[in-house]
Amino acid sequence: MKVGYVSTNYSLCKADSTFRLSSLSRERVLKTAISNLECLKRILLWNLDHEILFFRISSNTVPFASHPKVTFDWREELSSLLGEAGDVVRENGIRISMHPGQYVVINSQRRDVVESSIAELRYHADLLDAMEVEGRIQVHVGGSFGGKVEALRRFETNFSLLPDNVKRRLVIENDDRIFTVKDCLSLFTSLNVPVVLDNLHQSLNNDGETFGEALDMVRRTWKERPMIDYSTQEGSKRGVHASTLDENHFREFIKSVDDVDIMLEIRDKERSALRAVEILREMGKLDRIKNRG
DNA sequence: TGAAGTCAAGGCGCG
DNA sequence: CGCGCCTTGACTTCA
């Protein structure tokens with residue numbers, strides 16, 4: 001199994017810097033993106049030294065890349081840095097995901113929202129294409145306007161509008177209020193899109209199945225090893241991610257799963273990832289680094 | 001330099 | 001019907 005964390009590394013550098021739309025300029029986008037990509041490469045190398053082989057790249061890497069005001073070719077300008085980061089990923093068997101924000105709503109009933117969602121997804125896929133890596137792009141189903149059945153149908157309809165490089169990379173995650181694992185599985189049946197299982201969301205929003213049953217079901221949607229999101233809740237605040245790894249919970253959790261890669265959605269990022277690596281190693285469940293025996 | 005004010009975007013729940 | 005919430009909240013301006 002591999003363990004990963006999200007977007008940036010607090011002890012190393014910031015890979016998710018952005019700025020205000022009001023200060024948008026070609027120079028500002030490039031300056032920030034260069035700094036984010038240099039940091040990303042440092043993080044990936046640092047992660048290798050610490051046996052962390054899964055990483056979620058920030059959607060902020062190239063700020064405003066999908067905004068209509070960004071008309072220049074950022075891929076061209078950033079190609080060598082994108083290539084360098086991609087080399088680190090490929091040469092070491094690192095697994096990559098991305099998770100666009102709440103404004104990507106594929107099943108929106110508003111045409112303008114669908115269009116901007118497609119643009120944002122295209123940016124994510126283009127970034128991974130430019131890095132020449134096999135990364136997954138993880139989204140939620142979206143809103144429930146008109147009822148869940150209608151909303152799922154709208155997702156299926158709008159899915160056909162996505163560019164091929166997005167379709168190939170897209171995976172769907174169960175959410176904590178509306179769309180359960182079972183709902184996501186119905187989209188796998190119609191669209192062949194794998195399902196990312198989030199344990200915290202599944203515990204808050206399910207159809208009576210256990211976590212183990214949910215995992216068995218989503219496993220069948222993946223050709224490669226399933227990705228799962230792992231978190232626990234911070235106190236009694238519904239859906240709020242823990243500030244740090246609950247080691248006892250994690251240990252028990254790990255006993256119940258095999259053959260998955262685990263993305264930690266824990267707020268202290270690399271700190272918890274280091275602890276999780278230790279625990280997996282202890283339990284003999286940690287993937288070794290490619291080409292290093 | 002610290003604090004206050006503002007931020008691209010959607011959708012939902014709550015009052 | 002308008003507002004706050006999603007977030008280790010962060011950027012930017014103002015004093």
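Throughout, protein chains are lettered first and strands after them, A, B, ... in sequence-line order, and every chain is numbered starting at 1. What you see is a predicted model, and the numbers here were worked out from it, not measured in a lab.
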### Summary
Of A:Ser17 and A:Glu270, the one whose nearest nucleotide on DNA chain C sits closer to the 5' end is A:Glu270
### Query
Is the closest side-chain heavy-atom distance between A:Asn47 and A:Tyr5 below 4.5 Å?
yes
#### Entry: Short N-O contact, A:Arg275 and A:Glu247, less than 4.0 angstrom
yes
### Message
Using Watson-Crick or G-U wobble geometry with both distances under 3.5 Å, which nucleotide pairs with B:dG13?
### Response
C:dC3
### Task
Any strand is fair game: report the nucleotide pairing with C:dT8 by Watson-Crick or G-U wobble, both distances under 3.5 Å, or none.
none
### Query
If you measure from the P atom in C:dT12 to the same atom in B:dA8, how many Å do you get, rounded?
10 Å
### Query
Roughly how far apart, to the nearest Å, are C:dT8 and B:dT1 at atom C1'?
22 Å
### Task
Under the side-chain hydrogen bond (donor to acceptor under 3.5 Å, both in side chains) rule, what do A:Asp229 and A:Gln138 come out as? Steps first, then yes or no, please.
CA-CA 11 Å; A:Asp229 283 354; A:Gln138 181 178 336; 2.7 Å; yes
### Message
Without decimals, in angstroms, what is the distance between A:Leu200 CG and C:dT7 C1'?
### Response
15 Å
#### Entry: Touch class at under 4.0 angstrom, heavy-atom based, for A:Lys14 against every strand present
sugar-phosphate
### Message
Does anything in residues 20-31 of chain A come within less than 4.0 Å of DNA chain B? Heavy atoms only, and list the residues if so.
### Response
A:Arg20, A:Leu21
### Rounded interatomic separation in angstrom, taking CG from A:Asp16 and C1' from C:dG9
10 Å
### Query
Charged N to carboxylate O under 4.0 angstrom, A:Arg153 versus A:Glu156?
no
### Carboxylate-amine/guanidinium proximity below 4.0 Å for A:Glu38 and A:Lys41
no
### Query
Using the C1' atom in both, what is the distance from C:dT7 to B:dG2, to the nearest Å?
22 Å
### Message
How would you summarise protein contacts on nucleotides 9-14 of chain B per nucleotide, using B for base, S for sugar-phosphate only and - for none, with heavy-atom distances below 4.0 Å?
### Response
BBSS--
### Task
Run the salt-bridge test on A:Arg219 and A:Asp216 with the 4.0 Å N-O cut-off and return the result as yes or no.
no
#### Entry: Single hit among A:Arg136, A:Lys2, A:Arg95 for salt bridge (Lys or Arg N to Asp or Glu O under 4.0 Å) with A:Asp261
A:Arg95
#### Entry: A:Lys14: side chain to side chain contact (heavy atoms under 4.5 Å, CB included) partners, not counting sequence neighbours
A:Thr8, A:Asp16, A:Ser17
### Task
Decide ring pair (Phe, Tyr, Trp, His ring centres under 6.0 Å) for A:His249 and A:Tyr230; before the verdict, give the C-alpha distance in whole Å, the side-chain angles of both, and the deciding distance to 0.1 Å.
CA-CA 11 Å; A:His249 185 281; A:Tyr230 172 84; 5.7 Å; yes
#### Entry: Rounded distance in Å - CZ (A:Phe19) to P (C:dC11)
11 Å
